[in-house]
Amino acid sequence: QVQLSESGGGSVQAGGSLRLSCAASGYTYRRYCMAWFRQAPGKEREGVADIDSDGRTRDLDSVKGRFTISRDNAQNTLFLQMNSLKPEDTAMYYCAAGFVCGRRSDYDAWGQGTQVTVSS
């Protein structure tokens, strides 16, 4: 069981940067796949990036070269560095954890979300 809490969201202009953090509590953290999802109004929640317990990462084609997911296991913290932000990135961003890096249904722990708003 892991508890998650996101922070770092905010409002920025296009081209700006934000770094999201997700603090995890629970002694099994290092065994989890960690992921960032996002959901815009009227749209389904979609996976943005994930990182497994060995540090291997995946991300959406639309964020490649702009977003970087990482984890600091010593601090039990997940990060999402977001650069060159676009208005299309505007969404509520959620941290998630599960035993498998996969689809939405594979994650059994979720944070409350942090809002990212990118203006033109």
Side-chain angles (χ1 to χ4, degrees):
Q1 190 76 15
V2 60
Q3 303 272 68
L4 306 175
S5 180
E6 305 98 331
S7 62
S11 181
V12 298
Q13 292 186 330
S17 298
L18 287 171
R19 189 175 77 160
L20 307 184
S21 298
C22 173
S25 61
Y27 289 103
T28 61
Y29 166 80
R30 293 183 180 183
R31 296 187 62 197
Y32 278 78
C33 174
M34 304 294 295
W36 290 99
F37 285 74
R38 66 185 181 186
Q39 186 169 23
K43 298 182 179 179
E44 296 296 319
R45 191 172 299 186
E46 65 176 352
V48 177
D50 59 34
I51 180 167
D52 68 16
S53 59
D54 294 319
R56 299 179 64 183
T57 64
R58 304 183 298 174
D59 51 38
L60 283 177
D61 287 343
S62 61
V63 306
K64 287 185 184 298
R66 300 188 298 119
F67 291 10
T68 303
I69 187 171
S70 62
R71 64 193 297 169
D72 185 334
N73 291 334
Q75 297 181 349
N76 288 346
T77 305
L78 177 74
F79 301 99
L80 184 67
Q81 179 66 46
M82 303 186 294
N83 299 324
S84 301
L85 283 162
K86 303 176 180 179
E88 307 92 88
D89 297 317
T90 296
M92 185 74 73
Y93 283 71
Y94 298 89
C95 176
F99 287 105
V100 177
C101 285
R103 307 187 70 85
R104 181 179 176 180
S105 61
D106 293 315
Y107 298 91
D108 54 14
W110 294 84
Q112 79 286 354
T114 185
Q115 179 68 38
V116 172
T117 302
V118 185
S119 60
S120 300

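All values reported here derive from a predicted model rather than from experimental measurement.
When all heavy atoms are compared, the tightest approach of Q39 to K43 is NE2-O, 3.1 Å. Here the closest heavy-atom approach between residue P87 and residue S119 is recorded as CG-C, 4.5 Å. When all heavy atoms are compared, the tightest approach of S21 to T77 is CB-CG2, 4.4 Å. For the residue pair V2 and A24, the shortest heavy atom distance occurs at CG2-CB, 3.8 Å. Pairing each heavy atom of R38 with each of A91, the nearest pair is CB-CB, 3.8 Å. Pairing each heavy atom of C101 with each of D50, the nearest pair is CB-OD2, 4.0 Å.
Of the inter-residue distances, the one linking D89 atom CG with T117 atom OG1 reads 11.0 Å to the nearest 0.5 angstrom. Within the model, atoms CD of Q81 and CD1 of I69 stand 12.5 Å from one another, a figure rounded to the nearest 0.5 Å. To the nearest 0.5 Å, the span separating CG on N76 from CD on Q3 amounts to 13.0 Å. Here the straight-line distance linking atom CG of L80 with atom CD of E6 works out to 11.0 Å at 0.5 Å rounding. Summarising the geometry, atom CD belonging to Q112 is positioned 7.5 Å from atom OG1 belonging to T114; distances are rounded to the nearest 0.5 Å. Separating the OG atom in S7 from the CG atom in L20 is a distance of 8.0 Å, to the nearest 0.5 Å.
For E44, the CD atom is loosely surrounded, since the number of other residues' heavy atoms within 6.0 Å does not exceed 12.
Using a 4.5 Å cut-off on side-chain heavy atoms (C-beta onward), L4 and L78 make no contact. Residues F67 and L85 meet the side-chain proximity criterion, which asks for heavy atoms closer than 4.5 Å. Contact of the N83 side chain with the S17 side chain is registered, since non-hydrogen atoms from C-beta on lie closer than 4.5 Å. A 4.5 Å side-chain heavy-atom check between D108 and F99 finds at least one atom pair inside the cut-off. Annotation: side chain of W36 is in contact with side chain of C95 (closest heavy-atom distance under 4.5 Å). Residues V118 and V116 have side chains in contact (heavy-atom distance under 4.5 Å, counting atoms from C-beta outward).
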Take V48 and M82 through the side-chain contact (heavy atoms from CB on, under 4.5 Å) test and state the conclusion after the steps.
-> CA-CA 11 Å; V48 177; M82 303 186 294; over 6 Å; no
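Using a 4.5 Å cut-off between side-chain heavy atoms of Ile, Leu, Val, Met, Phe, Trp and Tyr, M92 falls into a hydrophobic cluster with F37, Y94, Y107, W110.
At distances below 3.5 Å, at least one donor-acceptor pair connects side-chain atoms of R71 with backbone N or O atoms of D52.
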